[in-house]
Amino acid sequence: MNDIENENINEENDINQLKQIRLNKLKELQEKNKDPYKIVKYDIDTKAKEITDNFENFENKEVKIAGRLMSRRHMGKASFSDILDETGTIQIYLKQNDILEQYDEFKKMDIGDIVGIIGTVFKTKKEEISIKVTEIKLLTKSLNPLPEKFHGLKDIDLRYRKRYVDLIVNTDVRKTFVDRSKIIKNIRNFLDTKGFMEVETPVLQTVYGGANAEPFTTYHNSLDMGMYLRISLETYLKRLVVGGFEKIYEIGRVFRNEGISTRHNPEFTMLELYWAYVDYKSIMILTEELIRDVLINITGKLQLEYDGHLLDFEKPFLRASMIDLVKEYTNIDFENIKDLEEARNISKNHGIHFENHYKIGDILNKFFEEKVEKNLIQPTFVIDHPIEISPLAKRKDGNENLTERFELFIVGREYANAFSELNDPIDQKERFISQEVLKEKGDKEAMPLDEDFIEALSYGMPPTGGLGVGIDRLIMLVTNQPSIRDVLLFPTMKPYNE
């Protein structure tokens, strides 16, 4: 047995002993009819940050707060401790002569216990804002010791699995999720002021669509039929545009049965919006405005450092076609490639893998993904995508093989996807049928034919611009987090025992 294994066993034994001590304390409290779990309410009037930010308004005033006991420092007949609530920490000062019997109870409390405090705000000789306690009450007994007793919560995997502990001991993690909430609220405010209306569409669907992705399947017992978790918000939102709503959006969870990585989680949050009577160029302008608005309101600036790069969002975002970008980074001009066999040979020569069902547009996209994406550091709108990978976008005027579509790339990652939306029901059905052929050939991510959606389009959908934004990736960028798991409170994880 090596030293690390010995250390883990010793640590586990120590933790088990601490748990037993805490259980014994709880039993003693219950025998004295002081069971903290029977407390149903504790009125508070102040938060820690209110006091520390506005000391002059609270000095010498009595406050009532509650929070988690995070430290304790005994100094003879007095003690200093730190209390953590949702806004931050504040120091409390307890003097034995001031609280008598309660002081003995306090000494039996453990780090992690949740307590209620009544006291007077003051500053110590070291000018630290504190509360001089006149009453302390145990509100909840913590039976598990916090991990900093054993050098902190170091294991990244454990942090994701036990986010509740991560949030207690890592204040920077708490800030990330406060910022996440602010970012989503900011997006809503931005769109609301632009005249968009927020709507909700079904998560359970009988036909999935709106993206090339493999769905999660489920079963509806009452209706006795299989269903899917949505992979996109798109097709139902477009139905609402048909119904007469001209500026709508939804921020919702979508589910894709795909791999897990620093960029991907099978369950993630999307913003999708649709704006009638505009094209993808108007959506480009809106996207720039939206991202700048988020940055200004959350960070106060339009420059960000991320992944070792200084990103400038103040300048107009770059715009370039997929064909031109592939030509720039590979010297291959797909505009002059009209023969599929030629495209396949070029792929082989450059080590680009392709499937048998790929057409020229699919191969162009593979070159872009493998040779270009990683180089797009500054905000870049990649426009004019091939029709083979854009089954829901309008064809580009003057080039039937391309579509009016853009994707926004930053630091080599896609952050937004937008179209001049296809509103021709005949063309849409033909593209769905082409997708069905791909599905029969083994493409699990191809879209199925959605007859109801075709029927909706047949009633007439106005020219419309649509946008999808990966909210989680945007939050990663704004909060400078390296992994999508760092901005999801509860990322998808495999159980311990598997």
Side-chain angles (χ1 to χ4, degrees), residues 44 46-53 65-70 82-90 112 114 140 142 144 146-148 152-192 198 203 249-255 260-271 290-291 293-301 304-307 311 410-411 413 415-416 469-493:
I44 62 175
T46 317
K47 297 288 187 180
K49 195 172 189 300
E50 292 179 63
I51 300 171
T52 55
D53 285 355
I65 72 168
R68 193 178 295 273
L69 188 63
M70 296 300 292
D82 291 316
I83 299 296
L84 173 70
D85 68 14
E86 66 175 351
T87 65
T89 59
I90 190 166
I114 296 174
T140 302
S142 173
N144 286 330
L146 293 178
E148 63 258 49
L153 191 58
K154 299 178 293 185
D155 189 315
I156 293 177
D157 183 77
L158 192 60
R159 285 182 48 225
Y160 297 147
R161 292 180 185 278
K162 296 189 176 183
R163 183 69 84 189
Y164 41 89
V165 181
D166 191 25
L167 291 168
I168 294 172
V169 300
N170 294 319
T171 56
D172 55 334
V173 173
R174 291 159 65 94
K175 184 181 183 306
T176 295
F177 289 103
V178 169
D179 286 344
R180 179 188 176 99
S181 178
K182 290 178 180 178
I183 290 167
I184 294 174
K185 184 182 295 185
N186 193 96
I187 291 170
R188 283 193 165 98
N189 290 340
F190 173 84
L191 293 174
D192 291 344
E198 186 172 9
V203 172
Y249 74 94
E250 181 174 8
I251 297 175
R253 284 293 221 218
V254 296
F255 308 84
I260 297 175
S261 71
T262 57
R263 301 186 186 188
H264 297 283
N265 192 71
E267 175 185 2
F268 59 98
T269 303
M270 282 286 293
L271 159 70
L290 171 61
I291 291 177
D293 190 73
V294 168
L295 289 174
I296 285 294
N297 287 310
I298 302 302
T299 72
K301 56 188 179 181
L304 280 182
E305 287 190 17
Y306 188 82
D307 197 23
L311 307 174
I410 309 167
V411 290
R413 301 178 183 180
Y415 283 82
V469 176
I471 294 293
D472 305 306
R473 285 191 184 178
L474 181 60
I475 292 170
M476 287 171 60
L477 183 73
V478 177
T479 61
N480 195 24
Q481 297 299 325
S483 170
I484 193 171
R485 292 184 176 186
D486 293 317
V487 299
L488 297 174
L489 281 167
F490 300 102
T492 305
M493 305 287 288

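Throughout, numbering of the chain's residues begins at 1 and tracks the sequence.
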Sequence-distant partners of [X], side chain to side chain donor-acceptor pair (under 3.5 Å), two or more places apart:
{"X": "Arg68", "value": "none"}
{"X": "Thr87", "value": "Asp85"}
{"X": "Arg174", "value": "none"}
{"X": "Arg263", "value": "none"}

Review point. At their closest point, which heavy atom of Ala416 faces which heavy atom of Val469, and how far apart are they?
Key: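 The answer is CB-CG2, 4.0 Å.
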Review point. What pair of heavy atoms forms the shortest contact from Val487 to Asp472, and how long is it?
Key: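 Minimum heavy-atom separation between Val487 and Asp472: CG2-O, 3.6 Å.
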Check your understanding: So do Ile471 and Ile187 actually touch side chain to side chain, heavy atoms under 4.5 Å?
Key ->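 Ile187 vs Ile471: side chains touch.
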Review point. Side chains of Val294 and Val478: does their closest heavy-atom pair fall under 4.5 Å?
Key: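 Touching, per the 4.5 Å side-chain cut-off.
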Quick check against the 3.5 Å criterion: does [X] have a side-chain atom that pairs as donor or acceptor with the backbone of [Y]?
{"X": "Thr176", "Y": "Asp172", "result": "yes"}
{"X": "Asn265", "Y": "Thr492", "result": "yes"}
{"X": "Arg180", "Y": "Ile475", "result": "no"}
{"X": "Tyr160", "Y": "Leu489", "result": "no"}

Check your understanding: Which residues satisfy the salt bridge (Lys or Arg N to Asp or Glu O under 4.0 Å) test with Asp179, sequence neighbours excluded?
Key ->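 By the salt bridge (Lys or Arg N to Asp or Glu O under 4.0 Å) rule, Asp179 matches Lys175.
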Exercise for review: Please name all residues satisfying salt bridge (Lys or Arg N to Asp or Glu O under 4.0 Å) with Asp53, sequence neighbours left out, ordered by chain then number.
Suggested key: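 With neighbours one apart ignored, the set is Lys49.
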